[in-house]
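Data first, discussion second: the structure below is written as structure tokens.
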Amino acid sequence: MDLALLRTFVTVHRAGSFTRAAALLGLSQPAVTSQIRTLERQLGRPLFLRQARGVTPTTIGDELAHKAAPHLDALVEITETGLDEESSLRTLHLAGPPEFTAERALPALTELTGEDGQGYALRASFGNAEETLEGLAAGHHDLAISTARPRGALLTASTLCDEEHVLVAAPKWADQIGSGEALKTGRSVKRAPAFENVPVIEVHESLPFVSRYWASVFDSRPAAPGTVVVPDLRAVLACAVTGAGLAVLPRYLCAAALERGDVVALHEPTVPPLRTYFLVVRTGTLAMPHIARAHEWLLRAAAGWC
């Protein structure tokens, strides 16, 4: 059986779409369709059910993918290992949210780019979860960091770490609202009326961080609209330090400011809100040594982040 046909088949099976598989393989959609039809004729069985959006594997298709995929991945590993021996420089393409990628992932991965880093070149791009996962699925990235767990067989996710969120503001606001023991120990009333008149700093008009915090901790919605809206959490922190209002920030991002006293925690619930990050790859690409090593490196580094 032609290995090229099996490779195309496994790619379609993982992608769930002829169109997406064609993009990953660098082929036209008609070429992918033709190869799948050829394989179906050789086997005498249909491998996919065509639907309005993508394809669904038949029982035979699932069985063939289960048997063939590990062997194809092993062949890719052999090929990539051979390439690594011939070329000292491999490029890793990483995508993720700007703040977490810049503050956590990139400093960890740049350790692989030095003289003893076994020839890594690193390229990074920033985006939200939808953008990074779409780019990964389309083959634009090798690794993606996402706050959403992907669905389907094309992408495989590993839990990277949990991010604790903290409600902060400049000290003047803590003094103004009377941030005493009730607020610090989490015994404040459920609706948090003390915060209702404090301006809000956020990354979007929908107040994603503040709304999530309010729902989790106070079982309510924030009363104040966004006063300052900037599309980067580092800018949110800078505005909070100047006294522009309250903000909800990842603890890792504001830890130094909290230690210096530039901002203070307005509320410390017993169970703080968390957000989970996932490290995502296209299924099968961990057979490539440079991707596998970076993947393992990030998972190890993340153990010390939380």
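Quantities reported herein were computed from a predicted structural model and do not represent experimental measurements.
- Side-chain contact annotation: H295 with D142, donor-acceptor N/O pair under 3.5 Å absent.
- Between D175 atom CG and K172 atom NZ the span is 11.0 Å, to the nearest 0.5 Å.
- To the nearest 0.5 angstrom, R293 atom CZ is 11.5 Å from L298 atom CG.
- T283 and A153 get closest at one heavy-atom pair: OG1-O, 2.7 Å.
- The shortest distance between side-chain heavy atoms of S211 and P222 falls below 4.5 Å.
- Put simply, the side chain of R149 reaches to within 4.5 Å of the side chain of T159, judged on heavy atoms.
- Sorted by first and then second residue, the side-chain hydrogen bond (donor to acceptor under 3.5 Å, both in side chains) pairs involving residues 227-247 (not counting sequence neighbours) are D232-R234.
- Between I36 and V12, the closest side-chain pair of non-hydrogen atoms falls below 4.5 Å.
- No side-chain heavy atom of L160 sits less than 4.5 Å from a side-chain heavy atom of R104.
- Checked by atom type and distance alone, the side chain of T156 never pairs as donor or acceptor with a backbone atom of V281 at under 3.5 Å.
- With hydrophobic clusters built from ILVMFWY side chains whose heavy atoms lie under 4.5 angstrom apart, M288 shares a cluster with L299.
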* What do the steps show when you test W305 against Y277 for ring-ring contact (aromatic ring centres under 6.0 Å, His included), and what is the final call? -> CA-CA 12 Å; W305 294 344; Y277 283 94; 9.0 Å; no

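- Closest approach of A121 to R123, counting heavy atoms only: CB-NH1, 4.1 Å.
- When atom types are taken as modelled, the side chain of W297 and the backbone of A108 share a donor-acceptor pair closer than 3.5 angstrom.
- Nearest heavy atom pair, residue A137 against residue L154, reads CB-CD2, 3.6 Å.
- Heavy atoms of other residues, nucleotides or ligands lying less than 6.0 angstrom from CZ of R275 number more than 12.
- Within the 4.5 Å cutoff, side-chain heavy atoms of H13 are placed close to those of F48.
- When the side chains of ILVMFWY residues are joined at heavy-atom separations under 4.5 Å, either directly or via intervening members, L92 and I145 end up in a single hydrophobic cluster.
- Considering CZ of F195 and OG of S220, their distance stands at 10.5 Å, rounded to 0.5 Å.
- Checking side-chain atoms of R90 against main-chain N and O of H290 turns up no donor-acceptor pair under 3.5 Å.
- E40 meets the salt bridge (charged side-chain N to carboxylate O under 4.0 Å, His left out) test with R50; sequence neighbours excluded.
- A donor-acceptor pair under 3.5 Å is absent between the side-chain atoms of S34 and the main chain of P30, judged by distance alone.
- In the hydrophobic cluster analysis, where Ile, Leu, Val, Met, Phe, Trp and Tyr join through side-chain heavy atoms closer than 4.5 angstrom, L47 is grouped together with L3.
- With rounding to the nearest 0.5 angstrom, the SG atom of C254 is 10.0 Å from the CG atom of L233.
- Not one N or O on the side chain of T101 forms a donor-acceptor pair closer than 3.5 Å with the backbone of P98.
- Within the structure, no pair that satisfies the side-chain hydrogen bond (donor to acceptor under 3.5 Å, both in side chains) test touches residues 127-141, not counting sequence neighbours.
- Rounded to the nearest 0.5 angstrom, E164 CD and D162 CG are separated by 10.5 Å.
- Between the side chains of E163 and H165, at least one donor N or O lies within less than 3.5 Å of an accepting N or O.
- Rounded to the nearest 0.5 Å, atoms CD (Q35) and OG1 (T11) are 9.5 Å apart.
- With a 6.0 Å radius and a threshold of 12 heavy atoms from other residues, nucleotides or ligands, R37 has its CZ atom at or below the threshold.
- Remark: side-chain polar atoms of E202 are not paired, donor with acceptor, to backbone N or O of A247 under 3.5 angstrom.
- Put simply, L279 and I291 are part of the same group of oily side chains (I, L, V, M, F, W, Y) that touch within less than 4.5 Å, one to the next.
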* To do: Check the pair L43 / L64 against side chain to side chain contact (heavy atoms under 4.5 Å, CB included), numbers first and verdict last.
  => CA-CA 10 Å; L43 296 173; L64 179 60; 3.8 Å; yes

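- Looking only at side-chain heavy atoms (C-beta outward), V168 and L258 come within less than 4.5 Å of each other.
- A side-chain contact (heavy atoms from CB on, under 4.5 Å) with L122 is found for one member of T91, L112, T113 and no other, namely T113.
- Closest of all the heavy-atom pairs between A157 and P150 is CB-CD, 3.6 Å.
- In terms of modelled atom types and a separation under 3.5 Å, the side chain of R282 and the main chain of L136 share a donor-acceptor contact.
- Put simply, V248 and V229 are part of two different groups of oily side chains (I, L, V, M, F, W, Y) that touch within less than 4.5 Å, one to the next.
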* Would you please test C161 and F100 for side chain to side chain contact (heavy atoms under 4.5 Å, CB included) and show each step? => CA-CA 11 Å; C161 68; F100 186 87; 3.7 Å; yes

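- For the pair L5 and L39, the tightest heavy-atom approach, listed with the atom from each and the gap, is O-CD2, 4.0 Å.
- Annotation: side chain of E99 is in contact with side chain of Y252 (closest heavy-atom distance under 4.5 Å).
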* side chain to side chain contact (heavy atoms under 4.5 Å, CB included) evaluation trace for Q29 with F18 -> CA-CA 6 Å; Q29 183 175 336; F18 285 178; 4.1 Å; yes

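- Between the side chain of W173 and the backbone N or O of L246 there is no donor-acceptor pair closer than 3.5 Å.
- Considering only heavy atoms from C-beta on, P269 comes within 4.5 Å of Y213 through its side chain.
- Across all non-hydrogen atoms, the minimal contact from L106 to A124 is CD2-CB, 3.9 Å.
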* To do: Starting from the C-alpha separation in whole Å, work towards a yes-or-no answer on ring-ring contact (aromatic ring centres under 6.0 Å, His included) for F218 and H267.
  => CA-CA 11 Å; F218 303 126; H267 187 64; 5.0 Å; yes

* To do: Give the intermediate values and the outcome of side chain to side chain contact (heavy atoms under 4.5 Å, CB included) for residues V203 and V230.
  => CA-CA 5 Å; V203 296; V230 287; 5.7 Å; no

